[in-house]
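A short write-up of the structure that comes next.
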Amino acid sequence: MNIIPRSPSKKGKLKAFSNADYDDLNPTITYRHMQSPTIGPKHPLRVVALCDCNAFYANCEQVRLGIDPETPLVVLQWGMLIAVNYPARKFGIFRMDKPSDALKRCPELMVVHVATYAPGEPEAKYWEKPDIKTHKISLDLYRRESIKIHTMFKELLPTGEVEKASIDEAFIDFSIPVRDTLLKRYPYLAQPPVNAPNGLDTPLPPPPKVSCVGLGNLIPIDPSKLDTEKEVTTELVEDIEKNEPMTWHDVGLIIAAELMADMRKEVHKTLGYLTSAGIARNKFLSKLAASYRKFNTQNILRNSAIPGFLKPMPFQKIRFLGGKLGKAIAGEYDVSTVGDLLIIGLDEMQNKFGECSIWVYEILRGIDRSEVKEKSVINKSMNAAKNLPKPITKFSEGPHWLRMLAAELTIRLNEARETTPGLWPRTLGLHARQGWNPLRSKQQPFPSPRVVTVDFMTDEATKLWKEIVGKDVLWDGKKGMKVTNLSLSLTGISWTEEGQKGIKGFFHEPTASRRVVSEGIAGPSTPFNVRKQKRKRSLSSTPGVNDKEIITYNVDDDEQGTSTAYSFVCTRCRQTISLPARFKEQAAEIETGSDLFLDFEEMRQNAFTNIRVEHDDYHFAQDLAHRYGTANAASPSKRSIAIPTSLRPAKKKKTQKEPEGIAKFFIKKTKA
DNA sequence: GTGGATGAG
DNA sequence: CGCTCATCCAC
């Protein structure tokens, strides 16, 4: 297997690093880079973080119950622990342990069962002894808290990009805020010296030495320092590496670390959640860096530390290599670490695993071009499922469960519509499994009524229930129906003008949008990516950005509707748009006129502007969607909303028989 | 549209 | 390797 040489490196002094596999780690940064209005995946100053919550479910319960965070606490789901907080971990308690074992290790352990829907109850509650036979798990609390954290991140970093990666994780693109901070702290970076021979292409002067003491663990360049169990303090690493040259990217990482630390502190102070974070040059590395040390810390992965960090890493720890694909690669080459795989050339890999192995090839070399993108719609689908330890044996027992599933979906849908009015699921689906039989499912268009009620959804679900169990099984009970698994889902959730009308019942003529698509925005635009770009532009003071784009709002002279300090009424849709409740709560605690009050006022005004811009953008996007063709049609705009930011190679070989290459690990069960 | 598979946690 | 949830793809 020959090593395929990489294409000749563009800019950058690859001499700085001995390993040719990592040849892009110290690119030359010029004034032109400082001035580019956007910072994409290839920009040398890109800075990305992954922030994730520590033992999130347990933390949520601790906050909900208002108990001491030092109390060992676990979250129980039926017979199994699904979350263990850090105090409890000290007792050797793990996820998936049984509660009885956990209590043996720690008798004072606080055991909290997740909320459940009980039969007939309109909402999930915390019951003394929930019954697996009649109750259904609810994860709503965690979803709601997750949204709070996500919202706070966005508010605290209006010029950044925040992508919710899972219920307890978010990617944050710090590139723009970092660049803005760099320009503020080092104003000489804005323009090349007048006598610079190459103008904007002149490299930046050497960076200052910047301390990162107190900003987290600096992942050491020397891999032999990596796995030491003892804490490697930042001071220690700095001492060891004091002669390592710093780069402007390192400075950027450290600025991001400051911002990240502030945001994490704020989340902790306001919401009570502890987090950890990784800061690096792309998503995948930030995620790995975050897992370096996990509890209430953040880790900074400098480019120079990437080879040492990555090579000893078991590659199956990498996102999307944790499953079958990772196993297949491990089996094929009988190796386990990233370093082991570096000797595999691109051609070799592509021959074995298909063309899209380029993705894996690059990941192994610390390259990840995927963008941090805010998801336009929270989710594309919602699903409520229940395993039935006591199977349904009579047709008539079905609706009882259907009602419970419908209740959950109804609450979740209506909750989502609070923040995003106009959300509309295209289809309602019901899946049912009987014993060993294959899963059966039916779906139907979801008629979006003005108000979705539990009754309505239950009725709709019952129609599907009839179709499923009524068709293949003689369901009157005599044939011994045995449904062991039920799941009700809303899919194709998207945001439409129609849905908006449906909910609000307002059919007023949309006024002409005050905004038009800027001719400056290149490429195909969806309502949402246009929205994001415009917002960026209007809120950041980026050099080179057309100032005419900036849109200001004046609360007193308000063309949009009436305003109070905490909310305003939009004249277009007549909705009241409010700041999060905590603003009011906080205001009540602060003495008017105090210094704190002034700070608070500033924050409130910023937030107010944000919700205003956001709401206006919402109408803007709505109009755009309207213009491009609306509602149900799979218009190009709608299409692109639905495209996920998936890292996967997404190779669709149309082979009739065996999919080729990597694709098969994403698609089908491998054949023997 | 239906049914299956994968993956994360 | 229990349970829940989300997403994607082939047919």
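Computed from a predicted model, the values in this text were never measured in an experiment. Order of the sequence lines sets the chain letters (A, B, ...), proteins ahead of strands, with each chain counted from 1.
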Using heavy atoms to find the nearest nucleotide of DNA chain C for A:Arg95 and A:Glu408 separately, return the residue whose nucleotide is more 5′. A:Arg95
Answer whether the closest heavy-atom distance between the side chains of [X] and [Y] falls below 4.5 Å.
X	Y	answer
A:Glu161	A:Phe174	no
A:Leu409	A:Met457	yes
A:Met481	A:Lys394	no

Give one of base, sugar-phosphate or nothing for [X], where a contact means two heavy atoms less than 4.0 Å apart.
X	answer
A:Arg433	nothing
A:Met96	base
A:Ile167	nothing
A:Lys136	sugar-phosphate

Flag for A:Thr275-A:Asn296: side-chain donor and acceptor within less than 3.5 Å: no
What is the distance, to the nearest angstrom, from the [atom1] atom on [X] to the [atom2] atom on [N]?
X	N	atom1	atom2	value
A:Tyr142	C:dT4	OH	C1'	12 Å
A:Asn383	C:dT7	CG	P	10 Å
A:Phe56	C:dC5	CZ	C1'	15 Å
A:Phe94	B:dG9	CZ	P	18 Å
A:Gln434	B:dG3	CD	C1'	15 Å
A:Glu467	B:dG1	CD	P	13 Å
A:Asp97	C:dC1	CG	P	11 Å

Under 4.0 angstrom between [X] side-chain N/O and [N] OP1 or OP2:
X	N	answer
A:Asn387	C:dC3	yes
A:Lys287	B:dG9	yes
A:Arg440	B:dG3	yes
A:Ser381	C:dA6	no
A:Arg426	B:dG1	no
A:Lys442	B:dT2	yes
A:Arg412	C:dA6	yes

Among C:dT4, B:dG4, B:dG7, the nucleotide that comes nearest once only the side chain of A:Trp78 is considered: C:dT4
Would you indicate which nucleotide in B:dG1, C:dC5, C:dC3 comes nearest to any side-chain atom of A:Gln77? C:dC3
Kindly assign one of parallel, tilted or perpendicular to the pair A:His113 and A:Trp78, based on the angle between their ring planes and the thresholds 30° and 60°.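 Plane angle between 30° and 60°, so tilted.
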How are the rings of A:Tyr57 and A:Tyr142 set to each other: parallel, tilted or perpendicular (split at 30° and 60°)?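 A:Tyr57 and A:Tyr142: parallel rings.
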